[in-house]
Every structure is written in structure tokens, then in C-alpha cells.
Engineer: 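Here it is, the structure in full.
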Amino acid sequence: MTRLPFTKMHGLGNNYIYVDRVTYTEPLPPYSELAKKVSNQNTGIGSDGLILILPSEVADVKMRIFNSDGSEAKNCGNGLRCVAKYAFEHGLVKEEHFSIETISGKVEAKVFPTDGGVDKVTIDMGEPILERERIPMTGGKPVETVIQETHIIEGQAYQITGVSMGNPHGIFLVENIHNIPINEIGPKLADGHDLFPEGTNVGFVEVLSDSELHYRVWERGSGITQACGTGACAAVVASILEGRLRKDELITVHLAGGDLQIEWDNASNHVWMTGAAVTICDGIFFL
Ligand SMILES: N[C@H](CCC[C@H](N)C(=O)O)C(=O)O
């Protein structure tokens with residue numbers, strides 16, 4: 001019997017099981033299998049997936065993230081804020097500003113410690129990826145940007161904007177966030193649709209003003225979640241590409257689990273995300 005120490009954390013209700021592989025170095029099953037085990041609501045701990053905090057040769061720490069279906073993702077915004085909180089509070093990093101390696105590249109984190117620890121984190125998510133072939137998406141010229149492109153899904157025409165934040169997002173602009181075909185389109189596009197060869201996170205956006213939007217998501221590999229940090233970034237980028245919002249504005253993104261502040265900075269072309277990171281509990285999982 002292996003006793004696996006873990007920490008359960010969430011970013012706006014998007015919760016993961018975090019395993020500190022800097023400190024705990026015992027052998028473990030393949031992470032994809034472990035993700036399915038710990039994520040199971042009935043026979044496991046219950047979560048949207050598994051996140052490993054690992055040593056890095058190119059950054060201060062490294063994050064790997066696996067969805068609850070065991071698929072590995074290339075980025076996770078809510079996960080990055082929680083990794084930053086954990087790394088600072090557990091002394092894996094000494095400074096308030098440090099770097100985190102992900103499969104899709106290195107990002108910069110800034111924590112705001114108070115007497116009670118770190119509750120708020122800012123992540124420089126880097127540049128959005130807009131070329132069709134790099135999202136990746138099919139259905140047109142490889143290097144063009146995909147903005148409000150019409151596609152027929154289940155017999156219905158939809159306008160889709162494609163954005164990658166290291167992981168793919170198909171964004172649908174809607175008039176009313178409380179009336180969206182998330183259960184119809186989400187599973188159809190998230191996995192195994194020709195339009196998105198690597199699958200996609202499916203986001204619905206209702207722009208409320210020039211500084212606010214609602215966003216809901218069906219995540220690839222996890223289904224509907226309370227929040228998606230990379231998705232919130234993609235939602236702001238898509239709304240700006242569609243002419244509904246402007247760069248260099250601090251946008252409040254309202255998600256089911258709470259709010260994120262997102263800005264697409266024109267000078268650097270980087271997207272900044274600021275929001276909460278919360279520890280739910282520490283525990284021991286019996287493997
Ligand atoms: N399901 C996503 C990974 C988690 C992203 C999300 N939880 C976030 O906070 O960005 C994917 O397969 O690309």
C-alpha cells in the first residue's frame with residue numbers, strides 16, 4: 001500500500017489534486033492512470049484532474065496537468081495560480097516573482113503574500129496563439145486567424161473563434177449565457193471532431209460591457225467545470241479579435257465559480273490573468 005500525500009486546491013471552484021514531486025519522490029503509477037484514480041468522485045478523492053509540481057531545469061518549478069479522463073493538457077490557468085501559491089507557501093521558491101515551466105512553455109508568476117499566506121496570484125500567460133494550424137484547427141488556410149468562422153455542428157450553423165493559450169479553445173459568442181447549447185456542442189467538439197484534431201475546450205461568451213463578460217466552459221477531458229483560467233484568457237482575446245472589447249483594458253471575466261481579471265497587453269502582446277488560489281485540504285491517498 002502506497003500512502004500518497006496530496007493537497008487539494010481550487011481556483012474559482014476548478015479543483016485539482018496536487019502532488020508535490022519536488023518533496024515526495026517515491027515511485028508512482030503512470031500519471032494518466034493516477035489522474036483517473038484520484039479524480040473519481042466515488043472511488044477516489046474527487047476532482048477535475050491531477051496536477052504534479054516537479055523540479056525544472058529551465059524554470060523555478062514545473063507543472064504537469066492531467067484532466068480527469070487521464071489526458072494530459074498543455075496548460076492550466078487555475079492550476080498555475082495554485083501551483084504558484086503552493087510553491088511559495090511550501091518554500092519551493094523564495095521570491096514573490098518566479099517562473100513556472102509548462103509543456104507549452106514558461107510563464108511568470110507573481111504572488112501577493114499576506115499574514116495568512118497567498119490568496120491572490122497574477123500569471124503572465126504569454127502570447128495567445130492565433131494561427132489556425134497552431135491552435136490547432138482545420139477547415140481553412142493554415143496560417144490565418146480564425147475569427148467568427150461559420151461551421152455546421154449537428155446540423156446547426158455556429159460562428160467560432162479559435163484561440164490557443166498553449167491549449168486549444170473554441171469560443172462561441174452568445175447573446176445570453178443562460179441559454180447556451182453547452183451540453184449539445186461541448187462533448188461533440190471537445191474530443192474527436194475533425195475541426196479540432198487535438199480536441200478543444202469549448203467556451204461560451206456573453207459580453208456585458210466594455211470591461212466585463214460572462215464565460216462558461218465545457219473542458220476537454222473534464223466536462224463542465226466551475227472555471228477555466230486559460231479559457232477566460234481565450235474569451236477575452238476572442239472578444240477583442242471580434243471587436244467587442246479592447247486591448248490594454250482590465251476585463252472582469254465572470255465564471256460560474258467567481259471572477260478573474262484578464263488583460264491583453266498591446267505592447268508585449270502578453271495576456272495577464274489575476275485571481276484567487278485556495279487550499280481545500282491536505283491528505284493521504286491510499287494507492
Ligand atoms: N481541460 C484543459 C486543461 C485544464 C484547463 C483549465 N482548467 C484552466 O484553468 O485553464 C485542456 O485539456 O486543455
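Scope of the values below: all heavy atoms of this structure, side chains included, with no hydrogens, waters or symmetry mates. Index from 1, following the sequence. Start at 1 and go down the list; that is how both ligands and their atoms are numbered.
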Engineer: Less than 4.0 Å between a side-chain N and a carboxylate O, is that true for E33 and K36?
Structural biologist: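 No, no charged N to carboxylate O under 4.0 Å.
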Engineer: Starting from L189, walk the hydrophobic network (Ile, Leu, Val, Met, Phe, Trp, Tyr; side-chain heavy atoms closer than 4.5 Å) and list everyone else you reach, by chain and number.
Structural biologist: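 In the cluster with L189 are I135, M137, V146, I153, Y158, I160, F172, V174, I177, I180, I182, I185, L195, F196, V202, F204, W218, I224.
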Engineer: With hydrogens left out, which residues have an atom under 4.0 Å from ligand 1, given that only heavy atoms count?
Structural biologist: N14, Y16, I65, N67, A73, N75, C76, G77, N78, N167, N201, E219, R220, C228, G229, T230
Engineer: Regarding E89 and K85, does a basic nitrogen lie under 4.0 Å from an acidic carboxylate oxygen?
Structural biologist: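 Salt bridge: yes.
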Engineer: To the closest 0.5 Å, what do you measure between CD1 (I129) and CE (M165)?
Structural biologist: 8.0 Å
Engineer: State whether E149 and R132 are salt-bridged, where the test is any N-O pair (Lys NZ or Arg NE/NH1/NH2 against Asp/Glu carboxylate O) under 4.0 Å.
Structural biologist: yes
Engineer: Scan T225, N78, N14, N67 and name whichever one has a side-chain hydrogen bond (donor to acceptor under 3.5 Å, both in side chains) with D48.
Structural biologist: N14
